[in-house]
Amino acid sequence: MSEQTQTRQRPRQTERYEPRAIEHKWQTRWEADALYRTPDDDPRPKWYALTMLPYTSGDLHIGHWWAMVPSDTQARFKRMSGYNVLFPMGFDAFGLPAENAAIKNQTHPSEWTFRNVDHMRTQLKSMGAMFDWQREVITASPDYYRWTQWWFLQLLKHDLAYRKSASVWWCPKDQTVLANEQVVDGRCERCDTIVSKRDLEQWFFRITNYADELLDFSRLQWPEQIQLMQRNWIGRSEGADLRFGLDIPGVAEQEIRVFTTRPDTVYGVTFFVLAPEHPLLDQITSPEQRDAVRSYVEAARKESEIDRLSTDREKTGVFTGAYVTNLFNGERVPVWTADYVLATYGTGAVMGVPGHDQRDFDFARKYGLKIVPVFHHPDWDGGELTAALGHGGTMINSGPFDGTADADAVRTVTAYAEANGLGRRAVTYRLRDWLISRQRMWGAPIPIVYCDDHGAVPVPERDLPVLLPDDAEFRPTGESPLTYHQGFLHTTCPTCGKPARRETDTMDTFMCSSWYQMRYIDPHNEERPFSRELARKWLPVDQYTGGAEHAVMHLLYTRFFTKAARDMGVLEHDEPMVRLFNQGQILGPDGQRMSKSRGNVVAPDDQVERWGADTFRGYLMFLGPWDQGGPYDPSGINGVYRWLNRVWNVVLGETAAAPLPAAPATRELRRWTHRTVRKVTDDLGAFRFNTMIAAMMEYTNYLTRLRESAAPVDAAAWDEARTSLALLLAPAVPHIAEELWQRLGKPYSVHTQPWPSYEAALTVEDEVEVAVQVNGRLRGRLTLPTDAPEATARDRALADAAVRPHIEGKEIVRIIYVPNRLLNIVVRG
RNA sequence: GCCGAAGUGGCGGAAUGGCAGACGCGACGGUCUCAAAAACCGUUGGGCCGCAAGGCUCAUGUGGGUUCGACUCCCACCUUCGGCACCA
């Protein structure tokens with residue numbers, strides 16, 4: 001009985017795929033073996049792959065996996081392709097949320113931050129990524145921010161840092177500075193008080209010195225749209241600075257300068273506008289207009305820049321009572337102030353030319369100001385204007401310049417201005433110098449001491465870091481505790497030793513993330529931010545990946561840092577990251593940004609627990625194109641899990657194998673193998689992870705069908721197939737690949753194996769299906785030998801039973817043949 | 001508002017000038033099971049014709065255009081997403 005039962009048993013079942021067991025096993029083994037330690041002295045060519053470091057927000061988010069898994073996959077692919085790959089990880093750990101948590105929990109922000117780091121590191125490890133944790137960097141730890149402070153001192157030394165007054169949001173009730181985020185509809189998010197701008201002395205970096213160089217992308221392989229966004233952000237404008245005469249009793253200044261891209265319209269100036277923040281505004285305002293101007297300025301200080309720059313909005317402004325003289329024609333024009341003029345752009349003043357600028361036109365219409373066209377535009381009938389005129393035509397109403405053609409106008413007028421001292425050629429940028437001061441505690445302290453005798457004195461490098469106090473008291477107002485921490489505040493002047501006061505502002509966290517890629521190459525160096533030799537070896541980053549939300553600010557700041565470092569003799573290259581890829585944003589299942597308040601958060605830990613890291617990794621990459629993002633809908637993940645089970649069964653299952661090298665089925669099997677190797681290789685290089693997974697699924701389905709057909713297959717070709725599949729899987733799903741590799745009896749580790757290559761000759765089909773169209777409509781299909789000549793295809797198509805009814809009795813005008821794809825017969829009648 | 005991007009079956013998507021819907025989810029039908037789940041197999045854009053094999057036709061946000069041929073290129077519009085300088 002028992003014997004009979006045994007003989008009736010099916011052939012031995014392979015062990016089931018148990019992701020949790022094998023993932024834990026291999027992660028432990030990899031760590032014990034230091035498989036992902038990146039040596040500095042490896043002779044292979046280096047490849048520095050970097051993904052943007054996470055902020056220490058508390059919990060790892062689906063978005064972190066979404067960002068890091070494909071990066072890890074590509075870094076692993078590069079490693080197998082023969083590179084010594086550096087793929088580090090760290091934490092962006094300073095910033096506002098830590099302070100909010102500190103106020104809420106009455107703790108020190110460092111407590112919250114470092115607890116989050118520990119938790120997130122554990123979560124990150126469950127990803128099975130090839131991060132080299134020996135190189136971890138935490139921007140809020142003193143051995144890191146010491147060097148952030150060092151960078152500040154270098155920039156200061158090289159005149160790339162300076163102090164000037166700039167405005168911040170201020171809540172009059174809480175007596176505190178607010179971030180933009182904390183201002184909701186013009187009110188303080190905490191107490192609902194209407195907020196206003198307030199001026200403070202703050203530190204800036206001269207990023208505008210590099211504006212022109214930052215416009216040069218010739219050495220970068222960055223996406224076109226990112227280059228475009230950066231170009232638009234920098235916003236280079238050529239034009240002229242023109243002088244306008246000022247003659248007001250009691251005002252020292254004799255002129256106001258204005259930047260314009262249209263100096264050729266200067267004879268059309270009928271008014272003049274100063275930004276509400278313009279330094280001369282108060283002085284030139286007449287006593288009768290003072291109250292009106294003051295209340296207008298005050299109102300403008302409550303508005304955001306986005307609102308002020310909206311072209312949608314009705315223009316507002318107030319007459320100052322003053323006049324300036326147009327030095328070209330001696331005319332006096334009224335000076336207004338209006339909030340659509342920003343103090344931070346150009347000279348903070350605009351010459352109003354309503355005939356040729358739409359904003360000025362709208363403004364003039366509203367306030368009944370004169371409109372004088374100075375070009376006879378071809379579309380203009382000479383009547384009253386209904387909108388500003390664009391470029392084109394010849395100059396009129398412009399004294400000596402009348403008759404000058406549009407194409408020559410700017411040059412001619414600018415030359416005249418320069419020759420007569422009325423102005424000069426000028427270039428202006430939309431880009432502003434980088435304001436790095438933050439009136440907050442949880443950031444790297446700006447290493448400056450204020451002395452009554454010596455002013456702002458830099459802290460000597462040997463005294464770095466300027467440590468944050470660890471006993472700071474957080475008050476519910478959100479005011480920086482550094483401002484009332486006596487131990488921090490009081491110090492001595494480095495120059496004279498007299499009592500002095502520390503700078504209590506800290507640095508913008510974008511500073512920390514502007515140079516972190518440099519620290520990873522030498523993270524434990526106590527003498528310098530990094531060694532020169534290691535910089536020469538590892539930098540620049542070969543492939544950077546991260547969210548498109550950083551397209552402009554972070555990516556411009558780090559480019560600036562690199563260029564400044566080059567000019568300061570710290571680095572020898574020009575650009576921080578040679579290649580860039582921006583992934584899209586992953587959203588909650590409801591298509592909204594994931595957030596606890598919306599209740600649409602899908603926790604990655606739960607997904608890993610339920611399906612295993614490999615399935616989750618594979619699913620994230622399979623979801624769709626990486627650069628697009630979109631909602632994370634967990635309902636399809638079982639498809640990837642099923643696939644990995646099929647992989648498991650087909651690679652480890654038994655087949656009837658025999659030496660059949662010449663069989664047609666062998667040729668087909670090898671064609672599948674080599675085509676899949678080619679497809680996966682190409683997709684990995686091009687960030688097409690979704691189609692890479694799909695190609696491996698198709699291959700697995702083919703192998704499964706082949707195995708289940710029970711027909712004998714060539715032993716060598718079958719071994720090539722399952723070996724190749726295990727290797728192709730290794731970057732995307734590293735744990736199952738390692739397990740399969742071991743069970744196939746191959747030497748540890750699959751991740752140190754060379755990437756499989758393909759033979760192009762083996763990928764070619766013998767026959768292809770060619771579509772036959774008549775007038776662009778599909779009418780039939782032909783099976784033809786690959787690369788069949790046109791004559792063959794044409795003859796077969798014209799004789800085809802499905803095609804003939806559509807061409808009979810008609811004149812064939814033309815035949816278009818695309819080999820191996822399509823033949824289109826164009827008929828008439 | 002300004003700058004950048006994206007709109008394709010019930011859903012995620014594939015195809016970047018050449019057979020629209022690869023791959024997967026879901027759904028439906030089946031196998032197994034007392035049953036359910038899981039697993040596996042089959043079908044699956046809409047409409048029309050046909051017993052069937054199959055055929056015709058409509059369809060890639062909307063409206064135009066270029067082309068033998070357009071999801072793909074051009075123009076206009078609509079919607080959604082990212083950024084707008086102190087969220088990171």
Side-chain angles (χ1 to χ4, degrees), chain A residues 52-57 92 94-97 100 168-169 177-183 202 223-233 235 304-313 344 430-440 508-510 512-513 547-554 556-557 582 584-585 587 591-593 619 622-625 627-640 642-643 645-646 688 690-691 693-698 701 708 769-781 802 813-818 820-827:
Chain A
M52 290 177 187
L53 83 178
Y55 178 70
T56 50
S57 52
D92 185 18
F94 275 137
L96 194 56
N100 291 337
V168 292
W169 284 118
V177 172
L178 297 176
N180 284 341
E181 191 192 48
Q182 297 172 304
V183 179
Q202 307 192 67
E224 284 299 330
Q225 77 261 23
I226 303 295
Q227 298 183 29
L228 197 54
M229 276 191 265
Q230 293 207 346
R231 275 197 195 96
N232 292 338
W233 184 264
S304 76
E305 277 187 20
I306 292 177
D307 287 341
R308 283 176 59 172
L309 286 172
S310 172
T311 50
D312 220 16
R313 211 168 65 133
T344 49
R430 207 187 73 95
L431 179 71
R432 314 202 284 252
D433 275 341
W434 176 12
L435 192 167
I436 59 121
S437 296
R438 295 293 180 270
Q439 295 70 41
R440 311 201 172 279
D508 181 4
T509 56
F510 274 126
C512 310
S513 55
E549 68 272 20
H550 292 297
V552 177
M553 301 179 61
H554 161 62
L556 268 180
Y557 293 146
N582 286 115
Q585 193 160 69
L587 305 169
Q592 302 283 306
R593 245 184 149 135
Y619 184 53
F622 182 60
L623 266 180
D627 57 349
Q628 278 178 34
Y632 178 76
D633 175 359
S635 68
I637 193 169
N638 53 341
V640 174
R642 284 178 197 153
W643 165 55
N645 273 284
R646 288 201 300 278
R688 290 188 299 250
N690 56 329
T691 52
I693 300 281
M696 291 196 284
M697 284 175 170
E698 283 183 79
N701 293 346
E708 283 174 355
E769 200 172 72
V770 172
V772 181
Q773 296 183 336
V774 177
N775 286 351
R777 303 190 88 94
L778 181 68
R779 298 303 181 184
R781 293 186 176 87
V813 183
R814 200 173 152 190
I815 291 182
I816 291 113
Y817 179 53
V818 184
N820 304 327
R821 285 197 170 270
L822 155 147
L823 184 113
N824 188 11
I825 304 164
V826 186
V827 299

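Lettering follows sequence order; numbering is per chain, from 1.
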Please give, in whole Å, the distance from [N] [atom2] to [X] [atom1]?
X: Q225(A); N: C2(B); atom1: CD; atom2: C1'; result: 18 Å
X: M553(A); N: C3(B); atom1: CE; atom2: P; result: 19 Å
X: N180(A); N: C84(B); atom1: CG; atom2: P; result: 8 Å
X: Q230(A); N: C3(B); atom1: CD; atom2: C1'; result: 13 Å
X: M697(A); N: C23(B); atom1: CE; atom2: P; result: 11 Å
X: R642(A); N: G24(B); atom1: CZ; atom2: C1'; result: 9 Å
X: E549(A); N: G4(B); atom1: CD; atom2: C1'; result: 13 Å

field: Syn or anti for G50(B) (syn when the glycosidic angle lies within 90° of 0)
entry: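 Anti.
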Using the [atom1] atoms only, state how far [M] lies from [N], rounded to an integer number of Å.
N: C77(B); M: A27(B); atom1: P; value: 43 Å
N: A88(B); M: U8(B); atom1: C1'; value: 34 Å
N: G10(B); M: U60(B); atom1: P; value: 13 Å
N: U31(B); M: A35(B); atom1: C1'; value: 15 Å
N: C11(B); M: C78(B); atom1: P; value: 25 Å
N: A38(B); M: C87(B); atom1: P; value: 47 Å
N: C28(B); M: C75(B); atom1: C1'; value: 45 Å
N: G13(B); M: G26(B); atom1: C1'; value: 14 Å

Using a heavy-atom cut-off of 4.0 Å across all strands, would you classify [X] as base, sugar-phosphate, or nothing?
X: W169(A); answer: nothing
X: R593(A); answer: sugar-phosphate
X: H550(A); answer: base
X: V552(A); answer: nothing
X: I306(A); answer: base
X: F510(A); answer: base
X: N645(A); answer: nothing
X: I226(A); answer: nothing
X: R646(A); answer: sugar-phosphate
X: S437(A); answer: base
X: Q202(A); answer: base
X: D307(A); answer: nothing

Nearest to the side chain of [X], which nucleotide is it out of [options]?
X: E181(A); options: A88(B), C3(B), C87(B); value: C87(B)
X: A694(A); options: A22(B), G18(B), G82(B); value: A22(B)
X: W233(A); options: C3(B), G82(B), C84(B); value: C84(B)

Taking side chain to side chain contact (heavy atoms under 4.5 Å, CB included) as the test, write out the residues that go with [X], two or more places apart.
X: Q225(A); answer: P223(A), M229(A)
X: A179(A); answer: L96(A), Q182(A), R440(A)
X: N180(A); answer: W169(A)
X: P631(A); answer: none

message: Whether R781(A) contacts C19(B) is assessed here as follows: a side-chain N or O lying under 4.0 Å from the phosphate OP1 or OP2. Is that the case?
response: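 For C19(B), neither OP1 nor OP2 has a side-chain N or O of R781(A) closer than 4.0 Å.
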query: Would one find a side-chain N or O of N701(A) under 4.0 angstrom from OP1 or OP2 of G24(B)?
result: yes
Range-with-range stems for RNA chain B, at least three Watson-Crick or G-U pairs under 3.5 Å: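 Runs of three or more consecutive pairs: B:1-7 with B:78-84, B:10-12 with B:23-25, B:26-31 with B:39-44, B:45-49 with B:54-58, B:61-65 with B:73-77.
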Do side-chain atoms of [X] reach the backbone of [Y] as a donor and acceptor pair under 3.5 angstrom?
X: Q585(A); Y: G547(A); result: no
X: N824(A); Y: G776(A); result: yes
X: R781(A); Y: V770(A); result: no

Please examine the side chains of [Y] and [X], heavy atoms only from C-beta on, and report whether any two atoms are closer than 4.5 Å.
X: V772(A); Y: I825(A); result: yes
X: Q773(A); Y: L823(A); result: no
X: Q230(A); Y: L556(A); result: yes

message: Could you work out, with ring-ring contact (aromatic ring centres under 6.0 Å, His included) as the rule, every residue matching W434(A), not counting sequence neighbours?
response: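 If we apply the ring-ring contact (aromatic ring centres under 6.0 Å, His included) test to W434(A), skipping adjacent residues, the hits are F205(A), Y557(A).
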ring-ring contact (aromatic ring centres under 6.0 Å, His included) partners for Y632(A), two or more places apart: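 Y632(A) satisfies ring-ring contact (aromatic ring centres under 6.0 Å, His included) with Y619(A) only.
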task: May I ask you to verify whether the side chain of R440(A) and the base of C86(B) hold a donor-acceptor pair under 3.5 Å?
output: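 Answer is yes: a donor-acceptor pair is held.
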- prompt: For the side chain of Q439(A) and the base of C86(B), is some donor closer than 3.5 Å to an acceptor across the two?
  reply: yes
Please produce a list of atom pairs where a protein N or O lies less than 3.5 Å from an N or O of nucleotides 57-60 of chain B.
from   : atom 1 : to      : atom 2 : distance (Å)
U57(B) : OP2    : R779(A) : NH1    : 3.2
C58(B) : OP2    : R777(A) : NH2    : 2.4

What protein N or O atoms touch nucleotides 43-54 of chain B N or O atoms at under 3.5 angstrom, if any, and at what distances?
none

message: At under 4.0 Å between heavy atoms, how does the protein contact nucleotides 10-15 of chain B? Give one character per nucleotide, 5' to 3', with B, S or -.
response: --BSS-
- request: Using a 4.0 Å heavy-atom cut-off, write out nucleotides 64-78 of chain B from 5' to 3' as B (base contacted by protein), S (sugar-phosphate only) or - (no contact).
  value: ----B----------
field: Exercise: identify the closest heavy-atom pair between M697(A) and W643(A)
entry: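 The pair with the smallest heavy-atom distance is CA-NE1, 3.5 Å.
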Qualifying residues under side-chain hydrogen bond (donor to acceptor under 3.5 Å, both in side chains), relative to D307(A), sequence neighbours excluded: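 Once residues adjacent in sequence are excluded, the partners of D307(A) under the side-chain hydrogen bond (donor to acceptor under 3.5 Å, both in side chains) criterion are S304(A).
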query: In terms of ring plane angle, is the pair F510(A) and H550(A) parallel, tilted or perpendicular, where the classes change at 30° and 60°?
result: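 Taking H550(A) first and then F510(A), their aromatic rings stand perpendicular (interplane angle over 60°).
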field: RNA chain B: 5'-proximal contact among A548(A) and R313(A) (nearest heavy atom)
entry: R313(A)
message: Can you work out whether E708(A) or D627(A) has the more 5'-proximal nearest nucleotide on RNA chain B?
response: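 Looking at the nearest nucleotide for each, D627(A) comes out on the 5' side.
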R821(A) atom CZ: more than 12 heavy-atom contacts under 6.0 Å: no
